[in-house]
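These notes are about the structure you will find just below.
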Amino acid sequence: MVSIIVTHKRSMHYLKDCLDSIADQTFKDYETILVLDHTEDDMADIEKEYKDKINLKIYELPEDKTGVAAARNYGVDKACGEYIFFLDNDDYLYNDTIKQLLDKMDDETDMSYGLIHHTWFMRSAYNDEQQGEDTEDNEEDIRLIEYDFSDPFDFLYNRFMKLKKVTVLGAVYRKSMIDKYNIRFNEDNEHYPDAAYLITVLKKARKITSDIEARYVKRHHNDLYGNPALTQLSKEVTMPSYLKMYDDCIKVSEGDEKFIKKTELMLCKFITLVYIKKIRYMKDERWANEWFDEIYKRVKDVHLKWHKKDFKMDEKAMLKAFMEGDFNKMQKKSVRVLFRRKVKRIIINSRARNKAITLHIFSKLSLKENWIVFESFYGRNCSGQPKYIYQYLQENYPGKFKCIWVVDRRGIVINGKYKRIKRMSLRYFYYMNRSKYWVNNMRQPMVIPRRPETKLVATWHGTPLKRLVFDMDDVHAFNPRYKNIVYRQTRQWDYMLSDNPYSTEKFQSCFRLERSQILESGYPANDPFYAEDRDERAKKIKKKLGIPEDKKVIFYAPTWRDDQFYDEGEYKYEQGIDIKKLQENFSDEYVLLMRLHYFIVDQLDLKQYGDFTVDGSRYDDITDLYLISDILVTDYSSVFFDFANLRRPMLFYTYDYDKYKDVLHGFYFDMNKELPGPLLMTMDELVDALKNIDKITEQYKDKYDEFYDKFCCIDDGHAAERVVKTVFFND
Ligand code: C2G
């Protein structure tokens, strides 16, 4: 029997994934030992649901014990199995993991290990398409080295440049070995007890086997504020554990040169890569005082000659000064190392170069009070709120402001007098740094040095239906540091525009903003819906797109899906709509205008549908497309909040509603109840609804009115005016 030991303190929403993956194991002879580390979570439902399903036994850690080390030791004490398997409550397994590991073991084998797979996705959505390799992006440039999977020392210990990465997870251990040598996690080590434990196993085990097919899925947290993983806690918090881990590793190595060598190397790397930055940008004096002394005590005995090839000359000089216990000398040497690295970065990385030039040259020049930089969808086009704020300024205050547009694509036409720059170019840094105002409908880049006087107008690009940032569980965003980045960015927002009181409330929670940061102005991009010349304008746009005047327009504008992508920020389009079917039914009366979300990199191939389809994906301004559309078909895109200003019919083709709602993203409200149009799950339903659009309009009349009152209550054609007066004229 295998005893699977799961320890739990918090992260209830992960635990079910973990336990379900145990239930799905093809190897069935196991017990699950769940050790609770003084959790506040109620386990009654878990016990009921899983007791028999996974042979669950729940234990609470005694009052005087806490931490993952104590919890795992406690689990081992209670275990009845011949084998032990440690599983963290936020991780999960492939169905065959345990079986594959056991299959590799014979009577002599004391340990069998597999591969650790990294992900930040829920099991339900991504079980078949796990993301990531057995590596991960390392902060602080600590790269994993080449390693041999079949060599236990090399794979489990030697491949890391960080001691804290060494883990006991993803392996089966023979319990008799653990008992025989009394192998225990050090309970005094709150954060990092794994490395020393693993060294002991590697030294004591008679035989160790491996299976590259056996996968343990380690889930990253991307909410460093709300729910950090142990390895993500700040260095200031974990420093005592780090030092203990080092001491324990040296101790349990029992003079074994290969472990000592590697452990020492990791300490030296810690100094040259992590510590060096701490003393350069030090906020916490302990780095120069007690932690310098503590590290010195350890590093003075390091065999630097073993590591000749692992460090550059200046790094070695810094380490030598450290070994002499001379803080001032070490600090001086560290400045040289940092300077060399900076120069190298500046040479190879244009952004770093532009940043350095900005800091040393541009920021010495005066701030320009009347310069405004406009940016829309990362420079993809000239659209959204920035465009309409800009237009208002052009029409009403010509010449008063110098307007700068960030546009990357060729062929984007911008009316009026302005300066055009490319995103991330040197000119971009120059104008951003010198301009008093930034108007941006996405999140701003943090690489640009921002002056204290700069005012940032974050216009955003839609009323939220889909949960955003801090209102999402830490599961689906692509970058594990996403929430931290957003938190830092949103601290800089001087004005965030909101289209209605509902958005004002949601933006405060999802971006953790203060009410005073939000300007409930309505959306400038919706001003044209209330303009007198709107029909005239629509005619011109139709002509520009080659749509006959007598044809009505069905506008299909779906959003992106979190699980369909090629790479970070590069999403796939998987056709959800049957164009042929629409063509068969509606080509006499309508054309189908299609527009893919800006995250999607695929291009539409619509040749086969002739005149029936028009590709609006590259058209810069979606406001124009709304103006010419008679019916909107969308799914979960916020486009419908804006389109509703026109009071034209809307249909929601939500063929993957359950998955989107429960697994992929989650919504702020019940779409079934609030939307001013039907949710349609199949193409037949969509065709039927389009055929009966007048009936549907009638049916949804009251709901539409309610929706309009709630979400379009501020837009009146004067939003740009309100924004301009408040922001640029301090009104
Ligand atoms: N958009 C577009 N074409 C689409 C879908 C969206 O041009 N097919 C543009 C619209 O301007 C829309 C904006 O992108 O208002 C946001 O679209 P969503 O589909 O809602 O997607 P997302 O970028 O995830 O933004 O608060 C709103 C949320 O931030 C959602």
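Counting starts at 1 for both ligands and their atoms, in listed order.
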[X]: numbered ligand 1 atoms lying under 4.0 Å from its heavy atoms:
X	result
Ser638	12 (C), 15 (O), 16 (C), 17 (O), 18 (P), 19 (O), 20 (O), 27 (C)
Ile622	2 (C), 3 (N), 7 (O), 11 (O)
Pro464	26 (O)
Ala557	8 (N)
Thr559	18 (P), 19 (O), 21 (O)
Leu596	3 (N), 8 (N)

Asp694 and Thr697: side chain donor to acceptor below 3.5 Å: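 No - no donor-acceptor pair under 3.5 Å links their side chains.
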Distance-only donor-acceptor check, side chains Thr623 and Lys387, under 3.5 Å: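 No, Lys387 and Thr623 have no side-chain donor paired with an acceptor closer than 3.5 Å.
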Can you pull out the closest protein heavy atom to [atom]? Residue, atom name and distance to 0.1 Å, please.
atom	result
atom 30 (C) of ligand 1	Lys466 CE, 3.9 Å
atom 23 (O) of ligand 1	Tyr598 OH, 2.4 Å
atom 12 (C) of ligand 1	His461 O, 3.7 Å
atom 21 (O) of ligand 1	His597 NE2, 3.0 Å
atom 18 (P) of ligand 1	Ser637 OG, 3.4 Å
atom 3 (N) of ligand 1	Arg595 NE, 3.3 Å

Centroid-centroid under 6.0 Å between Phe667 and Phe669 rings: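 Centroid distance Phe667-Phe669: not below 6.0 Å, so no.
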Check: Tyr397 ring centroid to Phe729 ring centroid under 6.0 Å: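 Yes.
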All pairs passing salt bridge (Lys or Arg N to Asp or Glu O under 4.0 Å) where residues 668-686 contributes a residue, at least two apart: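 Every pair satisfying salt bridge (Lys or Arg N to Asp or Glu O under 4.0 Å) with a residue in residues 668-686: Lys581-Asp684, Asp670-Lys673, Glu674-Lys710.
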Close approach, Phe599 and ligand 1, non-hydrogen under 4.0 angstrom: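 No, Phe599 has no heavy atom closer than 4.0 Å to ligand 1.
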Whether Phe377 lies under 4.0 Å from ligand 1, heavy atom: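 Flag set, Phe377 near ligand 1.
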Just distances here: any N/O of [X] and N/O of ligand 1 closer than 3.5 Å?
X	value
Tyr636	no
Trp460	yes
Gly462	yes

Parallel, tilted or perpendicular, as decided by the 30° and 60° cut-offs, for the rings of Trp460 and Phe511: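 It falls in the perpendicular class, over 60°.
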Whether Tyr590 and Phe586 hold their rings parallel, tilted or perpendicular, with breakpoints at 30° and 60°: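 Ring orientation, 0 to 90° scale: perpendicular.
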Region of Leu468 engaging ligand 1 - heavy atom pairs below 4.0 Å: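 For Leu468, only side-chain atoms sit under 4.0 Å from ligand 1.
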Part of Thr463 with heavy atoms under 4.0 Å of ligand 1, whether side chain, backbone, both or neither: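 The answer is the backbone of Thr463.
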Rounded distance (nearest 0.5 Å) linking atom CD1 of Ile631 with atom CZ of Phe555: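 Taking CD1 in Ile631 and CZ in Phe555, the distance rounds to 13.0 Å.
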CD-CG distance between Glu395 and Asn415, expressed to the nearest 0.5 angstrom: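 Between Glu395 CD and Asn415 CG, I get 9.5 Å after rounding to 0.5 Å.
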For Trp438 against Gln444, the heavy-atom pair lying closest together: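 Closest approach of Trp438 to Gln444: CZ3-CG, 4.3 Å.
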Asp535/Lys539 ion pair, N-O < 4.0 Å: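 No, this pair does not count.
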Sidechain N-carboxylate O distance under 4.0 Å for Arg561, Asp656: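 Salt bridge between Arg561 and Asp656, a charged N being under 4.0 Å from a carboxylate O: yes.
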